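To start, the structure under review is shown below, and the notes come after it.
When reading the values below, keep in mind they use all heavy atoms of this one structure, side chains included, and skip hydrogens, waters and symmetry mates. As the structure lists them, so they are numbered: ligands from 1, and atoms in each ligand from 1. Because the structure is predicted, anything quoted here is derived from the model rather than measured.
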Amino acid sequence: MAYVVGLTGGIGSGKSTIANLFAELGVPMVDADIVARQVVEKGSPLLAQIAEHFGATMLTEQGELNRAALREKIFQNEAEKNWLNALLHPAIRQEMIAQLQAQMADYVLFVVPLLIENNLTALCDRVLVVDVLPETQLERASLRDQNKRELIQQIMLAQVSRERRLAAADDVINNDGDLTQTLAKLRQKVLELHRSYLALSRQKTK
Ligand SMILES: Nc1ncnc2c1ncn2[C@@H]1O[C@H](COP(=O)(O)OP(=O)(O)OP(=O)(O)O)[C@@H](O)[C@H]1O
Ligand SMILES: [Mg+2]
């Protein structure tokens, strides 16, 4: 299996921004958010099970998952939420592992917002954390989706603390500076990390 670098960070920290800089260098990626959508894509066995359990209103006219309808079913219903998680989590994990194993490159970037929360560090050879001040997270995340600050704060509280995340990190990229001033620096930092991951991945295969 390729050398796996887990990339994580709190909501709005800049994971996607940093992942894009690795993509510029041609680094392949497995993205947990994408996998989570793939396992319930149109025609998938899991989507059929969801429709069987919660009813046909779980499907749109196009046969896709009606996310709003599903969210309503599990909202404040622990039992149904647990049922759904028990269905989805093993499938997502299995698909992530399959995609990681299919990579032929020296190393693969494994982008997972809840890497630490969901104990996925065990799948990683190395953990890279994008770190910003909580104020920065709050500001950028609420700006982006015009989300209420209270909602972002709630999500931040449900995620691991900055301290715990940093404690799990092998490498840290600080992303507090404004992109207009620091993009070149971030790109340089990503290039340095890229070189070190290439070297580490070669040690692994020896
Ligand atoms: N250094 C920066 N300066 C200014 N804005 C930034 C910077 N880094 C990221 N942003 C902006 O902040 C927002 C959050 O960044 P990004 O989407 O990369 O974070 P994320 O960690 O992937 O978020 P999420 O957890 O929601 O997926 C985006 O709108 C992005 O354009
Ligand atoms: Mg993102």
Open item on the list: Just to confirm my output: which protein heavy-atom neighbour is closest to atom 31 (O) of ligand 1, and how far is it?
Closed with: Thr17 OG1, 4.6 Å
Open item on the list: I need the nearest protein heavy-atom contact for atom 19 (O) of ligand 1: residue, atom name and distance, please.
Closed with: Gly14 N, 3.0 Å
- [ ] Enumerate the atoms of ligand 1 whose separation from the nearest heavy atom of Leu179 is less than 4.0 angstrom.
- [x] 1 (N), 2 (C), 3 (N), 4 (C), 7 (C)
Open item on the list: I need the atoms of ligand 1 closer than 4.0 Å to a non-hydrogen atom of Ser16, numbered in the order shown.
Closed with: 17 (O), 18 (O), 20 (P), 22 (O)
- [ ] Report the part of Lys15 (side chain from C-beta onward, or backbone N, CA, C, O) that has a heavy atom under 4.0 Å from ligand 1; answer both or neither where that applies.
- [x] both
Open item on the list: Starting from atom 23 (O) of ligand 1, what is the nearest protein heavy atom, named by residue and atom, and what distance separates them?
Closed with: Gly12 N, 3.2 Å
TODO: Please confirm whether the backbone N or O of Lys185 pairs with a side-chain atom of Thr182, one donor and one acceptor, at under 3.5 Å?
DONE: no
Open item on the list: Below 30° counts as parallel, above 60° as perpendicular, anything between as tilted: where do the rings of Phe22 and Tyr197 land?
Closed with: parallel
Task: Nearest neighbour in protein (non-hydrogen) for atom 5 (N) of ligand 1 - done: Arg140 NE, 3.5 Å
Open item on the list: Can you tell me if, anywhere in Thr17, an N/O/S atom lies at a distance from the Mg ion (ligand 2) that is smaller than 2.8 Å?
Closed with: no
Open item on the list: Geometry only, no angles: is Thr182 polar-contacting ligand 1 at N/O separations under 3.5 Å?
Closed with: no
TODO: Starting from atom 8 (N) of ligand 1, find the nearest protein heavy-atom neighbour and note its residue, name and distance.
DONE: Asn175 ND2, 3.0 Å
Open item on the list: Check this for me, if you would: do Glu139 and Arg149 make a salt bridge, where the nitrogen-to-carboxylate-oxygen distance has to be below 4.0 angstrom?
Closed with: no
TODO: Would you mind checking which non-hydrogen protein atom is closest to atom 26 (O) of ligand 1, with the distance to 0.1 Å?
DONE: Arg144 NH2, 2.6 Å
